[in-house]
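Working notes, beginning with the structure itself.
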Number of protein chains: 2
Amino acid sequence: MNKISPQIKFLIEHAAITTKLHKQIDICLSYQGISFTEFLIMHHLYGSPQHMMRRTDLADSIGITASGVTRLLAPMEKNRIVDKERNPRDARQSLVKLTQTGQQLYRDSMVGFADFSKNKLKSWTVKEIETVAQLFQEI
Amino acid sequence: MNKISPQIKFLIEHAAITTKLHKQIDICLSYQGISFTEFLIMHHLYGSPQHMMRRTDLADSIGITASGVTRLLAPMEKNRIVDKERNPRDARQSLVKLTQTGQQLYRDSMVGFADFSKNKLKSWTVKEIETVAQLFQEI
DNA sequence: GAGATATGCTTGAGTAGTCAAGGATAAGAC
DNA sequence: GTCTTATCCTTGACTACTCAAGCATATCTC
């Protein structure tokens with residue numbers, strides 16, 4: 001059998017590790033009743049001006065499609081975690097805004113997530129994290 | 001707003017990058033009519049003695065559940081990419097074996113995947129790849 | 001300012017898994 | 001040998017998306 005390059009090996013191993021990692025994150029966040037994807041949505045909204053973003057930008061920042069965003073936000077709107085706002089300049093757009101409830105839920109979830117992150121990456125130095133982050137930016 | 005630790009930032013950014021990466025891999029492999037998960041299954045079978053593995057080990061090596069393996073393998077058995085074999089020592093187990101057809105399909109898919117991997121990680125040195133791989137092993 | 005084209009979002013239908021329960025077999029305790 | 005417990009796999013019901021199509025609105029060309 002042909003030699004497997006380091007690049008191939010890495011992508012394959014990385015896929016399995018990442019899948020397992022995301023399952024652990026989901027378990028960690030399930031205590032607050034949310035999924036990792038919902039957490040990511042709240043995170044990006046929380047960090048935006050007026051806690052508000054366009055749906056397509058939100059989709060891009062978490063790596064899913066626009067239709068995925070529509071489906072994800074439907075229950076979050078019902079639970080008043082996010083609100084729909086119109087853009088007066090462009091009637092095609094509908095902006096998403098994190099409500100007060102959503103902001104509090106985000107802060108609460110962040111406690112567990114911060115703990116998890118710290119623990120999970122405890123064997124990586126901050127310098128290593130930054131180096132790896134930089135490398136991933138380049139791909 | 002509270003300070004976001006490097007660990008938190010990394011996990012969030014890494015999630016988005018990984019999601020996009022896996023979609024690109026799926027597109028790359030779709031020319032051979034297979035998904036990344038199917039490729040991973042073939043990869044692990046190909047590298048095993050007699051191209052054969054237990055279903056639970058297969059599940060663990062790619063990071064999905066046993067029931068996920070059952071569902072994934074069903075169409076692959078129908079297409080004669082893998083075969084079901086019994087373990088004479090333990091009637092509970094059913095082993096999965098990569099057929100000749102499956103081996104050829106794997107080698108064919110590997111051409112495109114190798115190209116993709118090389119191109120995708122072209123800005124990483126081999127040393128960097130190995131360092132990052134090592135770090136991911138530790139989490 | 002009318003027509004063509006592009007953008008933003010949602011929808012119906014489909015796919016790739018998950019989980020919890022269950023059936024079959026195996027292994028350990030006595 | 002029988003009872004309990006553990007392991008391996010599959011199944012029904014569900015979730016979290018994807019894609020292609022479509023509607024509404026905006027923008028660009030002339």
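Treat the numbers as computed from the prediction; the structure is a model and nothing was measured. Letters A, B, ... are given to chains in the order of the sequence lines, protein chains preceding strands, and every chain is numbered from 1.
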| message | Tell me whether A:D83 is salt-bridged to A:R80, with the criterion being a basic N under 4.0 Å from an acidic carboxylate O. | response | yes
| Residue list, salt bridge (charged side-chain N to carboxylate O under 4.0 Å, His left out) with A:E77, at least two apart or on another chain | A:R55
| message | On the nucleotide D:dT10, are OP1 or OP2 found under 4.0 Å from the side-chain N or O atoms that B:K84 carries? | response | yes
| Under a 4.5 Å cut-off applied to non-hydrogen side-chain atoms, are A:W124 and A:V132 in contact? | yes
| task | Would you kindly give the CG-to-P distance between B:L73 and D:dC8, to the nearest whole Å? | result | 16 Å
| request: Rounded off to whole Å, could you give me the CG-to-P distance for the A:N87 and D:dA26 pair? | output: 9 Å
| request: Quickly work out the B:R55 CZ to D:dT10 C1' distance and round it to whole Å. | output: 9 Å
| Contact letters for nucleotides 16-27 of chain C, in which S counts primed atoms plus P, OP1 and OP2 and B counts the base, heavy atoms under 4.0 Å | -BBB----BBS-
| query | With hydrophobic residues grouped by side-chain heavy-atom distances under 4.5 Å, do B:I17 and A:F36 end up in a single group? | reply | yes
| task | Give the rounded distance in Å between these two atoms: CD1 of A:I34 and P of D:dT15. | result | 17 Å
| said: Mind checking if A:T70 touches a base, just sugar-phosphate, or nothing, with heavy atoms under 4.0 Å? | reply: base
| query | Atom CD1 of A:I62 and atom C1' of D:dA16: how far apart are they, to the nearest Å? | reply | 12 Å
| task | Give a yes/no answer on whether the side chain of B:R54 brings an N or O atom under 4.0 Å of OP1 or OP2 in D:dC9. | result | no
| request: Send over the distance from A:D60 CG to C:dG8 P, rounded to a whole Å. | output: 11 Å
Between protein and nucleic acid, restricted to nucleotides 3-5 of chain D and to nitrogen or oxygen atoms under 3.5 Å apart, what atom pairs and distances do you find?
none

| said: OP1 or OP2 of D:dT7 versus the side-chain N and O atoms of B:T56: is any pair under 4.0 Å? | reply: no
| request: Before accepting this row, confirm whether a basic side-chain N of the pair A:K20/B:D60 lies closer than 4.0 Å to the acidic partner's carboxylate O. | output: yes
| task | Can you see which heavy atom on B:A15 is nearest to which on A:L40, and at what distance? | result | CB-CD1, 4.4 Å
| Once you round it to whole Å, what is the distance between P of C:dG8 and CD of A:Q93? | 6 Å
| remark: Between CZ of B:R86 and C1' of D:dC8 the distance, given in whole Å, is 13 Å
| request: Could you go through the ring pair (Phe, Tyr, Trp, His ring centres under 6.0 Å) check for A:H14 and A:F136 one step at a time? | output: CA-CA 12 Å; A:H14 177 256; A:F136 271 101; 5.4 Å; yes
| note | All heavy atoms of A:T19 vs all of B:G63, minimum pair found to be CG2-O, 3.1 Å
| task | Identify the two heavy atoms, one from A:K23 and one from B:I64, that lie closest to each other, and give their separation to 0.1 Å. | result | NZ-CA, 3.6 Å
